[in-house]
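Shown next, in structure tokens, is the structure this report addresses.
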Amino acid sequence: MFATSQRTHLCGALRAADAGTTVRIGGWVHRSRNLGGLVFLDVRDREGLVQVSFNPDWSSAAVIADAAGVGVESVVIVEGVVTPRPAEMRNANLATGDIEVRASAIRVVGPAVTPAIPVARGKNDALPAEDLRLRHRYLDLRRPELQANLVLRHRLLQATRRFLSDRGFLELETPILTKPTPEGARDYLVPSRVHPGEFYALPQSPQIYKQLFMCCGFDRYFQIARCFRDEDLRQDRQPEFTQIDIEASFIGRDDIMALSEDMVAALWREAGHEVATPFERMSYADAMERYGCDRPDLRYGLEVHDFTGAFRALDFGVTKSAIEAGGRVRGIRVPGGAAWSRKQVDELEALAKSAGAGGLLRVKKADGKLDGPVAKFLTPEAESALALADGDLALLVAAADRISSPALDRVRQECARRLNLVDEQARRFLWVTDFPMFEQDPATGALSAVHHPFTAANPEDMAAYPDAPARWRALAYDCVLNGLELGGGSIRTSDPRVQSRMFTLLGIGDEADQERRFGFLLEGLRAGAPPHGGIAFGFDRISMLLSSGTSLRDVIAFPKTTAARALFENAPSTVPSDDLRELHLRSTVEGE
RNA sequence: GGGGGCGUAGCUCAGCUUGGUUAGAGCACUUGACUGUCACUCAAGAGGCCGCGGGUUCGAGCCCCGUCGCUCCCGCCA
């Protein structure tokens with residue numbers, strides 16, 4: 001399949017079965033070993049590497065001299081005979097280690113300058129600094145690890161297309177030059193040359209377009225969509241990223257979740273893992289109550305418990321004032337935590353504080369007695385509620401839930417890490433459902449959408465609390481694996497009047513304003529919209545997880561730095577002022 | 001927008017605590033030796049704006065201020 005007019009085989013594909021075959025291979029010199037009159041080259045291509053040996057018994061003096069002079073990372077075309085290695089010379093660490101290519105000819109077709117960063121590395125060699133790897137990406141991407149990542153990424157893309165296409169989903173494309181959206185993240189803007197002072201935006205997601213496809217009757221849509229958000233970056237966040245974007249008509253939550261489970265299972269199978277379906281489900285309220293987090297890692301316990309009832313009677317300032325202010329006393333029991341030093345627990349408290357808590361209350365049980373600042377205030381009821389076994393440590397936060405939940409989430413994760421409770425092999429998929437529809441600004445009372453403004457509210461909630469939208473739950477769902485969000489979606493509002501009301505609740509009350517910003521969606525809905533909904537999965541993150549990687553940058557061929565800079569091609573960059581003038585732009589940067 | 005870490009040879013790092021000879025090591029590179037290696041080995045050599053700018057000092061890789069780059073985190077990311 002890879003044979004061409006210039007080569008017969010891939011280097012990494014040669015095996016003992018090929019013994020005796022005369023081959024011509026092309027590849028990069030991975031490493032060379034010159035023993036004086038006897039030269040070995042490891043020649044690498046995308047399939048792997050093979051040892052090519054040069055020896056006076058089968059190579060001319062000129063060929064040996066050429067082999068001895070070639071630098072690493074140069075491209076060579078080698079002709080020779082695949083030959084089994086004597087038993088003592090086999091290399092079990094190499095897929096091609098049972099054979100070698102005995103070279104009769106070599107041609108250096110792409111001599112290489114000395115590489116700026118090494119491609120071949122020893123077992124314990126550290127990777128070069130990330131900015132150098134990005135600046136010299138043409139070398140970094142030669143590394144077998146990164147090649148394997150991108151090959152897997154390709155297979156996952158194909159598996160996605162196959163799976164969805166087989167289920168009747170149409171791969172439909174949407175514009176990259178779109179309309180700026182006032183909601184959500186900051187847009188990347190593109191100036192219009194022909195319309196002075198006007199701008200396109202790059203899509204944050206194809207959300208509205210895919211809903212319009214449903215209004216058009218395409219019924220099932222998917223796209224492997226590039227999305228753009230101009231926000232500050234993180235290790236797991238790139239300014240442009242890829243989503244598996246899905247939308248379907250005449251469906252409900254369970255349809256989308258079942259479809260997603262099958263797709264996730266298909267992707268994991270592509271990477272060699274079996275995944276059991278259906279996934280567990282948990283309401284947002286439960287997740288927050290038991291884990292303090294809307295995407296809990298279920299690989300370990302350390303669940304959060306409510307001790308408010310047992311602490312209510314305590315004459316202890318911290319808990320008393322928190323309870324009187326309407327807060328609760330919640331916390332986790334840490335088996336073996338009583339052995340931790342004061343300093344170690346102080347570190348946990350610092351974590352809790354960095355998440356917004358005022359402090360972390362500690363009670364430990366060692367040698368049968370309780371210890372800690374609150375210990376002597378504990379009533380027998382409180383003691384039995386805490387239910388500490390010997391060696392246990394309770395870590396409590398007395399505050400409103402919106403304070404204690406994130407704090408306990410951080411503390412819980414750190415305790416699990418310390419106690420080595422995380423089973424790295426385990427895969428705990430989970431659906432988190434029934435998210436709240438709105439988030440309320442504690443200061444102003446203003447509502448904002450938790451998912452996005454097109455999400456449908458639970459109709460029972462709308463009927464039960466027509467005047468309390470803050471109590472409505474959304475028909476939204478997130479797919480979570482081991483504490484990481486893989487994707488999320490919702491059933492959409494398909495009634496234009498309801499959609500208009502949602503905009504009003506979100507502070508976009510003016511009808512003209514609504515039409516100006518979202519008119520093209522509202523028009524589509526008014527023209528007759530089926531019930532519809534969908535989901536989007538973060539494809540880069542899925543690729544990363546299935547490559548066992550920890551950085552998105554290792555599954556993206558040409559990623560940006562955390563300063564949103566492309567070090568390889570050196571973007572962004574300034575442009576000649578004539579180009580700006582043509583776009584009706586003028587720089588406000590000093591000195592320009 | 002804010003905070004932490006890092007920046008010394010092509011690469012990975014030491015040196016900085018306590019300022020003071022000619023700034024070191026491993027890998028890579030160059031040259032030489034070596035006929036079965038596979039991170040070959042051995043010998044020799046070359047290679048430095050100590051990120052950049054300013055300050056303190058008789059003297060700064062080292063101390064101080066600023067700045068730039070990378071990175072991690074908070075805000076932000078419907």
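Reminder, nothing fancy here: chain letters follow the sequence lines and each chain counts from 1.
The structure places CZ of A:R253 at 5.5 Å from OG1 of A:T433, a figure rounded to the nearest 0.5 Å. Note: A:H30 NE2 to A:R142 CZ = 11.5 Å, rounded to the nearest 0.5 Å.
Between the side chains of A:Y209 and A:Q211, no donor N or O sits under 3.5 Å from an acceptor N or O. Between the side chains of A:Q413 and A:D297, not a single donor N or O lies within less than 3.5 Å of an accepting N or O. With hydrogens and angles left out, the side-chain atoms of A:R229 and A:Q238 include no donor and acceptor closer than 3.5 Å.
Across all strands, A:D230 comes closer than 4.0 Å to no nucleic acid atom at all (heavy-atom distances). Residue-level contact check: A:V450 touches the backbone only, with heavy atoms under 4.0 Å from sugar-phosphate atoms and none from bases. Nucleic acid contact class of A:N93 (heavy atoms, under 4.0 Å, all strands): none. Residue contacts shown for A:P453 include a base, since a base heavy atom lies under 4.0 Å away. Counting any heavy atom pair closer than 4.0 Å across all strands shown, A:Q238 reaches no nucleic acid atom. In this structure, A:P86 reaches neither bases nor backbone, as no heavy-atom distance under 4.0 Å exists between it and the strands shown. Note on A:T181: nothing from the nucleic acid sits closer than 4.0 angstrom, heavy atoms only. In this structure, A:L506 reaches neither bases nor backbone, as no heavy-atom distance under 4.0 Å exists between it and the strands shown.
Between the CG atom of A:D131 and the P atom of B:G5 there is a distance of 19 Å, given to the nearest Å. The separation between A:F40 atom CZ and B:C34 atom P is 16 Å, rounded to whole Å. For the pair A:Q51 CD and B:A39 C1', the computed distance is 13 Å after rounding to whole Å. Protein atom CH2 of A:W58 is 11 Å distant from nucleotide atom P of B:G36, rounded to whole Å. Nucleotide B:C70 holds its P atom 11 Å from the CG atom of A:L233, rounded to whole Å. Counting to the nearest Å, the P atom of B:C72 and the CG atom of A:L552 are 10 Å from each other. One interatomic measurement links the two molecules: CZ of A:R31 to P of B:C38, which rounds to 11 Å at whole-angstrom precision. A:L94 places its CG atom 13 Å from the C1' atom of B:U37, with the value rounded to the nearest Å.
For B:C76, its base sits under 3.5 Å from the side chain of A:R237 at one donor and acceptor pair at least. With hydrogens and angles ignored, no donor-acceptor pair closer than 3.5 Å exists between the side chain of A:R229 and the base of B:C77. On a pure distance criterion of 3.5 Å, no polar donor-acceptor pair joins the side chain of A:E130 and the base of B:G69. Between the side chain of A:Q235 and the base of B:U71, no donor-acceptor pair of N or O atoms lies under 3.5 Å. The base of B:C76 lies outside donor-acceptor range of the side chain of A:D232, with no N or O pair under 3.5 Å.
Here B:U67 sits opposite B:G51 as a Watson-Crick or G-U wobble pair (both hydrogen-bonding atom distances under 3.5 Å). Summarising the base pairing, B:U31 is matched to B:A43 through a Watson-Crick or G-U wobble pair whose two defining distances lie under 3.5 Å.
Taking atom P in both B:A14 and B:U57, the straight-line distance is 32 Å, to the nearest Å. Across the C1' atoms, B:A39 and B:C58 are found 49 Å apart, a figure rounded to whole Å. Nucleotides B:G24 and B:G47 are separated by 13 Å at their C1' atoms, to the nearest Å. Taking atom P in both B:U31 and B:A46, one finds a spacing of 15 Å when rounded to whole Å. Taking the P atoms as reference points, B:C40 lies 32 Å from B:A23, given to the whole Å. Comparing B:U71 with B:C65, their C1' atoms are spaced 23 Å from each other, to the whole Å. Comparing the same atom, C1', in B:C70 and in B:G15 gives a spacing of 23 Å after rounding to whole Å. Comparing B:A9 with B:C13, their C1' atoms are spaced 11 Å from each other, to the whole Å.
For A:T562, a side-chain nitrogen or oxygen approaches OP1 or OP2 of B:U71 to under 4.0 Å. Between B:U71 and A:R553, a contact under 4.0 Å exists linking OP1 or OP2 to a side-chain N or O. Distances shown here put a side-chain N or O of A:R234 below 4.0 Å from the OP1 or OP2 atom of B:C74. For the OP1/OP2 pair of B:U37 and a distance below 4.0 Å, the side-chain nitrogens and oxygens of A:R33 include no atom meeting the criterion. Note on A:R85: every side-chain N or O is 4.0 Å or more away from OP1 and OP2 of B:C38. A sub-4.0 Å separation between OP1 or OP2 of B:U71 and a side-chain N or O of A:T561 is present.
Distances from the side chain of A:A116 to the nucleotides B:G10, B:C11, B:C29 place B:G10 closest. When the nucleotides B:C70, B:U35, B:C29 are ranked by their closest atom to the side chain of A:R565, B:C70 comes out on top. When distances run from any side-chain atom of A:L35 to the nucleotides B:U35, B:C11, B:C70, the shortest one goes to B:U35.
Panel note: side chain A:R137, backbone A:A557; a donor-acceptor pair is recorded below 3.5 Å.
Between A:D42 and A:A129, it is A:A129 whose nearest contact on RNA chain B lies nearer the 5' terminus. Residue-to-nucleotide proximity on RNA chain B shows that, of A:G184 and A:A563, the 5′-proximal contact is made by A:A563.
The pair A:D346-A:K353 does not meet the salt-bridge criterion, since no charged nitrogen lies less than 4.0 angstrom from a carboxylate oxygen.
Applying the 6.0 Å contact sphere to OH of A:Y200 captures no more than 12 heavy atoms from other residues, nucleotides or ligands.
A ring-centre distance under 6.0 Å is not found for A:F54 and A:F40.
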